[in-house]
Number of protein chains: 2
Amino acid sequence: MNIEIAKENKLAELFGALSEPNRIRIIKILRDSDHELNCGEVSRLLQIAPSTVSYHFKALRQAGLTKTRQQAQTKYLSLNMETFNRYLPSFLDSL
Amino acid sequence: MNIEIAKENKLAELFGALSEPNRIRIIKILRDSDHELNCGEVSRLLQIAPSTVSYHFKALRQAGLTKTRQQAQTKYLSLNMETFNRYLPSFLDSL
DNA sequence: AAACTATTTCTATGAATATCGAAATAGCAA
DNA sequence: TTGCTATTTCGATATTCATAGAAATAGTTT
């Protein structure tokens, strides 16, 4: 019954980041893949424009759900497990 | 890696319904409360207009997260545990 | 330096959201 | 039936979102 404004706002932010099917797919691919993902690969896999993928990457990153490693011009995405463990434990299993 | 369009769309819909702080609060209050909630009570608790609460109730209901029981003019909201168990197991514990 | 590759930002657009107050709907009670 | 109470719908508005193409940014390779 007691209200924790900060936590509820953070959860709402996380769910907002997860409220788009392609972003769910990105998370799922990251969970199942044996390699990191870059923008171009996701663009080809999901058949959407690179600029749209970049937009989704940004949304996931800003919410704290993913991390980025840069190698040359390419940016590789991976899951930020701290966030999942802290706010959405066991969510990845139910995907 | 294999894509399940229907499931991902459903999850995105559920997360959309949970992407608003006041709706998270409604779910949380329902989880912790010993009684069902109606529109007026939530309006007073969260300090938002009854019409806005009604809008949020509808969003939660349409996503399948809650159920409604009507008694006279009053509609009582409760959690739809089937949906939580099926798509978001253990989510309520992490709230 | 010039050409190439990968990503991001910008611009534009159409769709969806959150909000409130007012009006409508519907049941209850005197 | 008239008034009271609870909720929903409607109308209006301001904001945010998802999308793509074009332009900009930045690293690579020759």
Side-chain angles (χ1 to χ4, degrees), chain A residues 3 5 8-30 33 35-78, chain B residues 3 5 8-30 33 35-78:
Chain A
I3 311 240
I5 291 173
E8 291 138 9
N9 287 351
K10 180 62 188 175
L11 282 170
E13 184 191 4
L14 292 177
F15 291 135
L18 294 168
S19 69
E20 211 286 322
N22 282 320
R23 292 205 285 258
I24 303 246
R25 285 174 200 126
I26 292 170
I27 295 293
K28 191 173 174 179
I29 295 170
L30 281 171
S33 187
H35 60 287
E36 299 163 301
L37 291 176
N38 60 44
C39 188
E41 185 178 1
V42 172
S43 173
R44 287 185 295 279
L45 276 173
L46 299 183
Q47 293 287 298
I48 50 182
S51 61
T52 304
V53 174
S54 180
Y55 170 80
H56 288 320
F57 274 18
K58 189 179 184 181
L60 292 170
R61 181 168 22 89
Q62 284 184 334
L65 290 168
T66 58
K67 288 183 297 191
T68 290
R69 178 178 71 85
Q70 176 157 8
Q71 184 179 24
Q73 320 98 301
T74 306
K75 289 192 179 172
Y76 292 100
L77 216 71
S78 60
Chain B
I3 312 241
I5 292 174
E8 291 139 8
N9 286 351
K10 181 60 188 176
L11 282 170
E13 184 191 4
L14 293 176
F15 292 134
L18 293 168
S19 68
E20 212 286 322
N22 282 321
R23 293 205 285 258
I24 303 246
R25 286 176 197 123
I26 292 169
I27 296 293
K28 190 173 176 181
I29 295 169
L30 280 171
S33 187
H35 61 287
E36 299 162 301
L37 292 176
N38 60 43
C39 189
E41 184 178 1
V42 172
S43 172
R44 285 185 296 278
L45 276 173
L46 299 183
Q47 293 286 299
I48 50 183
S51 60
T52 303
V53 174
S54 180
Y55 171 80
H56 288 320
F57 274 17
K58 190 178 183 181
L60 292 169
R61 182 168 21 88
Q62 284 184 333
L65 290 168
T66 58
K67 288 184 297 191
T68 292
R69 179 178 70 86
Q70 176 155 10
Q71 184 179 23
Q73 321 99 299
T74 306
K75 290 192 177 170
Y76 291 101
L77 217 71
S78 60

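Model, not experiment: these values are computed from the prediction. Each chain gets a letter, A, B and so on, in the order the sequences are listed, and its residues count up from 1.
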Using whole Å, what does the distance between atom P of nucleotide D:dC17 and atom NZ of A:Lys58 come to? 11 Å
Is there side-chain contact between B:Tyr55 and B:Arg23, with at least one heavy-atom pair below 4.5 Å? yes
Among C:dA18, C:dA22, D:dT7, which nucleotide sits nearest the side chain of B:Ser54? D:dT7
What integer distance in Å separates A:Leu60:CG from D:dC17:C1'? 14 Å
Does a salt bridge link A:Glu13 with A:Lys10, judged by any charged N lying under 4.0 Å from a carboxylate O? yes
Output yes when at least one side-chain N/O atom of A:His56 is less than 4.0 Å from OP1 or OP2 of D:dC17, else no. no
With the side chain of A:Glu20 defined as its heavy atoms from C-beta on, choose the nearest nucleotide among C:dT19, D:dT19, D:dA6. D:dT19
Report yes or no: is there a donor-acceptor pair, N or O only, under 3.5 Å between the side chain of A:Gln73 and the base of C:dT5? yes
Ranking C:dT17, D:dA6, D:dT8 by distance to the side chain of B:Tyr55, first place goes to C:dT17
Assert: residue with more 5' nearest nucleotide on DNA chain D, out of A:Asn22 and B:Thr52, is B:Thr52
Working for side chain to side chain contact (heavy atoms under 4.5 Å, CB included), residues A:Phe57 and A:Ile26: CA-CA 9 Å; A:Phe57 274 18; A:Ile26 292 170; 4.0 Å; yes
Rounded to whole Å, the CG-P distance (B:Asn38 to D:dT8) equals 10 Å
Please state how far atom CG in A:Asn9 lies from atom C1' in C:dA18, giving the value in whole angstrom units. 15 Å
Starting at atom CZ of A:Arg23, determine the distance to atom C1' of D:dT19, rounded to an integer number of angstrom. 12 Å
Just how far, in rounded Å, is C1' of C:dA6 from CZ of A:Arg69? 15 Å
To the nearest Å, how far apart are B:Tyr76 OH and D:dT8 P? 13 Å
Atom CD of B:Glu41 and atom P of D:dT5 are separated, to the nearest Å, by 18 Å
Would you mind telling me which of D:dG27, D:dG21, D:dT9 lies closest to the side-chain atoms of B:Ser51? D:dT9
Taking for A:Ile48 and for A:Gln70 the nucleotide of DNA chain D with the nearest heavy atom, the one nearer the 5' end belongs to A:Ile48
Trace of the side chain to side chain contact (heavy atoms under 4.5 Å, CB included) decision for B:Lys75 with B:Arg69: CA-CA 6 Å; B:Lys75 290 192 177 170; B:Arg69 179 178 70 86; over 6 Å; no
Apply side chain to side chain contact (heavy atoms under 4.5 Å, CB included) to the pair B:Thr66 and B:Ile27, showing each step before the final yes or no. CA-CA 9 Å; B:Thr66 58; B:Ile27 296 293; 4.3 Å; yes
